[in-house]
> 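I have a structure I would like to understand better, so I am pasting it below and will then ask my questions one at a time.
All values below come from the heavy atoms of this structure, side chains included, with hydrogens, waters and symmetry mates left out. Convention: sequence-line order gives letters A, B, ...; per-chain numbering from 1.
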Amino acid sequence: MDDQTRMMTGLTGLGGLSQADVGDPDSVRKQQSLGQPQQDIGDILQQIMAITDESLDEAQARKHALNCHRMKPALFSVLCEIKEKTVLSIRGVQEEDPPDPQIMRLDNMLLAEGVSGPEKGGGSAAAGGAPAAAAGGSPTDSSIEHSDYRAKLAQIRQIYHSELEKYEQACSEFTNHVMNLLREQSRTRPISPKEIERMVAIIHRKFSSIQMQLKQSTCEAVMILRSRFLDARRKRRNFNKQATEVLNEYFYSHLSNPYPSEEAKEELAKKCGITVSQVSNWFGNKRIRYKKNIGKFQEEANLYAVKTAVDAANVSAQASQANSPATPNSGGYPAPCYTPDGRL
DNA sequence: CACTATGATTTAGA
DNA sequence: TCTAAATCATAGTG
C-alpha cells in the first residue's frame, strides 16, 4: 500500500492540484527542512486538521475531480505500464508453471478408479465395475464383497464430488469478490486488467493446491478400500463340501472332455453358489492337477465314478441305460484304472 | 511350524 | 477370449 500512496501523491501532483491541499507529508517535511524550521507548527497542524475536517462530500468531490481529470486515463495507463514492468522484474518469470505431475498422477488414479470420471450408471455389464478384474478376466463378479466394495466406492465418490463442488464454489466466490474489489480500486489506483488476471490465477493456484489435498486423501481412501476388499479376494476360502462335490462329479463324469460349456458353467456356478469365473478357475486347476498326477486322484476318480454309476443306475431304473452320464473315454484325459484297491 | 491342498492370478499361446 | 502351465498366497492339517 506504500506504492499506492506514492502513486497517488505523484498523480495528484501531476494532476495540477497543490500538494499542500492534499496534505502530502512529503511537502510538510520539505517545508521543515527548507527555510524556517519550526516556522509555524500551528500552520501544519491546521493543515492536518483541515484534512480531518473535510466532509465526506468534499472528499468525494475531490475524488471525482481526480477521476474526471482529462489526463487521468493516459496517466493511468502509463502508471499501469510502469507498475507492470516493476512487478515483472521483481517477481521474475516463474509464472506459467507446467501441470503438476503429482496432480496429474492423482487425477489419473481417480479416473481409473471411477471416482472422478463420468457416472458409471450401468454397472451390470462391468463397464468399470471391477478395477482389479482388468487383467483377471472375471467381469461379472457380483460377489457380496464386490457390491460392498462398490457401495463404499460410491460413497467416497459422492463425498469427493460434494467437497470438490464446495471448493469450486468457494473459489469462484472469492475470485469474484477479489475481482470486484480490484475493479473498484482500479478507479483510484493503477490496476491493469492483466494484474487482475494474474491475481485470479494466483487465487486459482491456491485453491487447486487445496484441491490436491482433497484428491490425495481421496486416493488414500480408495487405496485403503482396495486393499481391504479386493485383496481380500485373494485371501481365498475353500468352497464348501457340497460345491466341491458337484464340481468333481461333473469333472469325473466328463473326464474325456472336462470342458464345460458356458451354459454348463453357469449351471454349476448356480448349483455351487460361486461365480462362473470361479468355476472356470476350478476346472482349470483341476485339469492341470489331474493331468500332472493322475495317480493321486485315482481314489477320488473311483469314488465319483461309483457315485455317477449309482446315479445312472437310479436314473436307468426308470429309463433305458442308453445315455449313461459316465461318458466313454475318448481321448482327452487318461481315464483312471478301476482296480479294486485303488492302485494303477 | 512345515507341509499339503486349493483358489486365484499371471503369462504365453492359439 | 479361452486354456495350459506356472506361480502366488492362504487355508487346513498333523
> In whole Å, what is the span from the CG atom of A:N281 to the C1' atom of B:dA8?
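Roughly 6 Å, once rounded to whole Å.
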> Find the distance A:K286:NZ to B:dA8:P and express it as a whole number of Å.
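Between P of B:dA8 and NZ of A:K286: 15 Å.
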> Compute the bend angle of the helix from B:dC1-C:dG14 to B:dA14-C:dT1 from the end axes (five pairs per end), rounded to 10°.
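The two end axes of the helix from B:dC1-C:dG14 to B:dA14-C:dT1 meet at 10°.
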> OP1 or OP2 of B:dT6 sitting under 4.0 Å from any side-chain N/O of A:K296?
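So the side-chain polar atoms of A:K296 never come under 4.0 Å of the phosphate oxygens OP1 or OP2 of B:dT6.
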> Quick one: A:F239 CZ to B:dA8 C1', roughly how many Å, whole number?
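Between C1' of B:dA8 and CZ of A:F239: 9 Å.
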> How close or far is atom C1' of C:dA11 from atom CG of A:N240, stated in whole angstroms?
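These atoms are roughly 15 Å apart.
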> Can you work out whether A:R289 or A:S280 has the more 5'-proximal nearest nucleotide on DNA chain C?
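That would be A:S280.
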> Just the rounded figure in Å: distance from P of C:dA4 to CG of A:N257.
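Those two atoms, CG and P, are 10 Å apart.
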> Any side-chain N or O of A:K265 below 4.0 angstrom from OP1/OP2 of C:dC2?
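So the side-chain polar atoms of A:K265 never come under 4.0 Å of the phosphate oxygens OP1 or OP2 of C:dC2.
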> With a 4.5 Å heavy-atom cut-off, do A:M179 and A:M199 have their side chains touching?
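With C-beta onward as the side chain, the pair stays apart.
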> Measuring only between side-chain heavy atoms, which start at C-beta, is A:W282 closer than 4.5 Å to A:N248?
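Touching, per the 4.5 Å side-chain cut-off.
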> Can a side chain N or O of A:K292 be found less than 4.0 Å away from OP1 or OP2 on C:dA4?
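No, because none of the side-chain N or O atoms of A:K292 sits under 4.0 Å from OP1 or OP2 of C:dA4.
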> DNA chain C: A:N238 or A:F283, which has the more 5' nearest nucleotide?
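Counting from the 5' end, the first nearest nucleotide belongs to A:F283.
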> In this structure, would A:V276 and A:L247 fall into the same cluster of hydrophobic residues linked by side-chain contacts under 4.5 Å?
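No.
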> Using whole Å, report how far CZ of A:R237 lies from P of B:dA5.
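So the CZ-P distance, A:R237 to B:dA5, works out to 22 Å.
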> Distance check: side-chain N/O of A:Q278 vs OP1/OP2 of B:dA8, anything under 4.0 Å?
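The answer is yes; a side-chain N or O of A:Q278 sits under 4.0 Å from OP1 or OP2.
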> Would you call A:Y252 and A:Y290 a side-chain contact if the rule is heavy atoms closer than 4.5 Å?
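Yes. Closest side-chain heavy atoms under 4.5 Å.
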> Linking I/L/V/M/F/W/Y whenever any side-chain heavy atoms sit under 4.5 Å apart, do A:I159 and A:L214 land together?
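No, it is not one cluster - the side chains of A:I159 and A:L214 are not joined through contacts under 4.5 Å.
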> Counting only side-chain nitrogens and oxygens, does A:R287 get under 4.0 Å of the OP1 or OP2 atom of C:dA4?
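True: A:R287 side-chain N/O within range (under 4.0 Å) of C:dA4 OP1/OP2.
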> Are A:E163 and A:K166 within salt-bridge range, i.e. N to O under 4.0 Å?
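Looking at A:K166 together with A:E163, the answer is yes, because their closest N to O distance falls below 4.0 Å.
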> Under the 3.5 Å rule, do the base of B:dA8 and the side chain of A:N285 count as making a donor-acceptor pair?
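Flag set: donor-acceptor pair detected.
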> Quickly work out the A:I288 CD1 to C:dA6 C1' distance and round it to whole Å.
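To the nearest whole Å, that distance equals 9 Å.
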> Could you tell me the separation between the NZ atom of A:K241 and the C1' atom of C:dG12, rounded to a whole number of Å?
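So the two atoms are 14 Å apart, to the nearest Å.
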> Would you sort out whether A:E300 and A:K286 count as a salt bridge (Lys or Arg N to Asp or Glu O under 4.0 Å), showing the intermediate values?
CA-CA 12 Å; A:E300 193 177 78; A:K286 190 73 183 180; 2.5 Å; yes
